[in-house]
Number of protein chains: 2
Amino acid sequence: MPAVTLSEVARAAGVSPATASRVLNGSSRTPGADIAERVRAAAAALGYIPNAQAQALARSSSGLLGLIVHDIADPYFSSIARGVQSAARELGKILLLTSTEGTPAEERLAVEAFTSRRADAIVMAGSRSTRTEDSLDNAALKRETERYLANGGSLVLVGHDLVSPEGASDHGSPSGPEDADLEASFAPSPLLVSIPNEFLARELGLCLSDEGFSRFAIVAGPEGLMTSDLRVSGFQMALGEKGLQEADVLRSAFNRDGGYDAGGALEASVRAAVERGDRLCIFAVNDRMAMGVVAALRQKGLHAPTDYAIAGFDDINTLEDFIPGLTTVRLPLEEIGRKAARAALTGEDPLPAAGEVILRESTGRRA
Amino acid sequence: MPAVTLSEVARAAGVSPATASRVLNGSSRTPGADIAERVRAAAAALGYIPNAQAQALARSSSGLLGLIVHDIADPYFSSIARGVQSAARELGKILLLTSTEGTPAEERLAVEAFTSRRADAIVMAGSRSTRTEDSLDNAALKRETERYLANGGSLVLVGHDLVSPEGASDHGSPSGPEDADLEASFAPSPLLVSIPNEFLARELGLCLSDEGFSRFAIVAGPEGLMTSDLRVSGFQMALGEKGLQEADVLRSAFNRDGGYDAGGALEASVRAAVERGDRLCIFAVNDRMAMGVVAALRQKGLHAPTDYAIAGFDDINTLEDFIPGLTTVRLPLEEIGRKAARAALTGEDPLPAAGEVILRESTGRRA
DNA sequence: GATACGAGGGAATGCGCTTGCCAAGTTCCA
DNA sequence: TGGAACTTGGCAAGCGCATTCCCTCGTATC
């Protein structure tokens, strides 16, 4: 029972496929009212649904918007996804989703798949990795995106730009001999909804120093994870500006469990501070890590803000009912998603995302 | 700079497009090794990426898996989405996502869009509505899914079946005159990953009675929301079996804020119980509502499990760090997503989802 | 009333790929 | 050694639709 085709509708209406096409899908030429009505009636009666694949092939525009995230179950990304979806709906596009688990290799695959699908635009969110073990995959990812762009696609990155191969672009690229030189100057480049991680982390650092904290520890993701690294450096920068000692950096996985592990490791420092009559202020580079830290320390009988202070980053919506209310940096994630999608689809360069420090109970006065 | 096509590759390799097609895309016929190598080399050199639209058109299989959820930013759905994505990856499909905000009208649109895209399979998750104001849209949704199925699509519902129009199927349908009779018996029907909401809510009710609670209140979603209604009735059923009085039902929005509102409204009852030296046990029909209730009551100075007890449903992963640890019914959401996707893609009938009551601090002994 | 012009409908072509079919070349057994 | 039975490329016909070009017919203009 194959689907009803346009020519069947046309035959039923007693017109040519060309005419049927013109009335059913917004063409510049509008057939006469009576005919149009007949065609529409026939289409309705037969339950005609256009074959989007065929349309895409004929028009060479697919109506697809690709979204690449690290983990769709992570509230950070699912909020962005929500924004992207809402923009896609408004613009009449439908969403292609890939959740990559964060590896550049998977991201490359996703870009390839979307290219193959001829997605009109792609939004790629999530931290880049500057680790050397990822550099090959990063380079491959970069080439893949360039190919996509060269084929007329539109790409917007959320967060930061792709990492370029070490040797910059002035050495001839080792693989493609000539195209690097010839096309480089004309090659379209991805747009960027930048998230000022470093700047905002610095703001947070300044705020917290102003609150009177003087001893800090940072719970970060693995070295080479760009988002984490920037937040760390921004925060340290603030401490430096305030004439404070640099914070110790504890590295673990960039998620809740990583935070939990780090929290356990911080017990001694927290207790030491308490015994000195002081409080350690912990900055976890994202909210989920912060939640993990809090959970671990609570198990040890240590509580914020009484025994220590803690701040996160992102202001994921999960935080709403978390105790203690967590100081953090709000990122308008859904809005960022919307913006990215609109930029990708309309081609206009987006503004960087805004963000703001939100002080809550977790860095408040000692209970 | 249009993308490179198969025939360009073929020409470069000095073979026919047919041969090139056979070597590049898994065909049953594999050309000779030397030729294959030549073609592969040419494809690599030119950076060929097959046009999936054209392939889909020619093969009449798109390699697309559609996913329809109410709200992708809701952890309930994003967990399911994660499972679906992982199954899709394993089976070499790519995901089409629509987040509908829960209205049957939007869901119908999504099914139509996926049909148009010729998605190989669709997974639709989220509660159905039995409200009369939705009955028209429900009927339209049902017709749309039937059309999709009739066109050879495969549909899996997560949760419960579609709601059928009132008059059952024995009256001739008012719209399509003959096809209702003729095709009805052969019409393929959607598969179902059923979630035993009623059964599990009953289990929860039994557990809580066994814990010694005797006065209950239920915080439910709006009447007519099937998931909510079933959880309410299952719970009440348990109370009846235990010879307890039926619980009062408070209705509000099926989300965190709805729970918050209901929590405020429950203050008096909670206090009354406390003054009697008793504790009210609240069952919120989903975790997010439960979190809202807790937040509202906390603002009034009331805490679980000291002043009242509370249980939720779903065991969304956000709960991990929620205080107090919330008694709930665990649903293996990611697993459910995987199962649904596999069923949709392979066509085999899935088993119902399992679930289990998880007792935690929120219904424990009085602090 | 003849000419010019515009509007509306249809035939044909192509989007990029798959695949049934055919012809030519091989292998193998009687 | 002569086919029978396979292989293996290539040819061509679509898949379902948009769109260009052409043709016809109706109407306005003088």
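In what follows, every chain begins at residue 1, and chains take the letters A, B, ... in the order their sequences are listed.
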Please state how far atom [atom1] in [X] lies from atom [atom2] in [N], giving the value in whole angstrom units.
X       : N       : atom1 : atom2 : value
N51(A)  : dG14(D) : CG    : P     : 18 Å
R38(A)  : dG9(C)  : CZ    : P     : 9 Å
L6(A)   : dG16(D) : CG    : P     : 11 Å
I35(B)  : dT7(D)  : CD1   : P     : 17 Å
R117(B) : dC15(D) : CZ    : P     : 21 Å
L57(B)  : dC17(D) : CG    : C1'   : 8 Å

Which part of the nucleic acid, if any, lies within reach of P17(A) when heavy atoms closer than 4.0 Å are counted: base, sugar-phosphate only, or nothing?
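No contact at all - P17(A) keeps every heavy atom at 4.0 Å or more from the nucleic acid.
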Determine the contact category for T5(A): base if any of its heavy atoms lies under 4.0 Å from a base atom, sugar-phosphate if only primed atoms, P, OP1 or OP2 are that close, otherwise nothing.
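Contact class for T5(A): sugar-phosphate only.
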Using the closest heavy atom to pick a nucleotide of DNA chain C for each, name whichever of A18(A) or Q55(B) lands nearer the 5' end.
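Its nearest nucleotide being more 5', the pick is A18(A).
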Shortest side-chain distance from R59(A), nucleotide among dT19(D), dG16(D), dT19(C):
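Side chain of R59(A) sits closest to dT19(D).
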Checking contacts here: which listed nucleotide (dG10(C), dA18(D), dT18(C)) is nearest the side-chain heavy atoms of R22(A)?
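For R22(A), the side-chain atoms sit closest to dG10(C).
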Do S60(B) and R118(B) have side-chain atoms, one donor and one acceptor, less than 3.5 Å apart?
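Their side chains do not contain a donor-acceptor pair, so the 3.5 Å distance test is not met.
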Side chains of S86(A) and R338(A): do they bring a donor and an acceptor to under 3.5 Å?
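S86(A) vs R338(A): donor-acceptor pair found between side chains.
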For T19(B) and dG10(D), is the shortest distance between a side-chain N/O and OP1 or OP2 below 4.0 Å?
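Yes, within the criterion.
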Contact under 4.0 Å: S16(B) side-chain N or O vs dC11(D) OP1/OP2:
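No, S16(B) has no side-chain N/O under 4.0 Å of OP1/OP2 on dC11(D).
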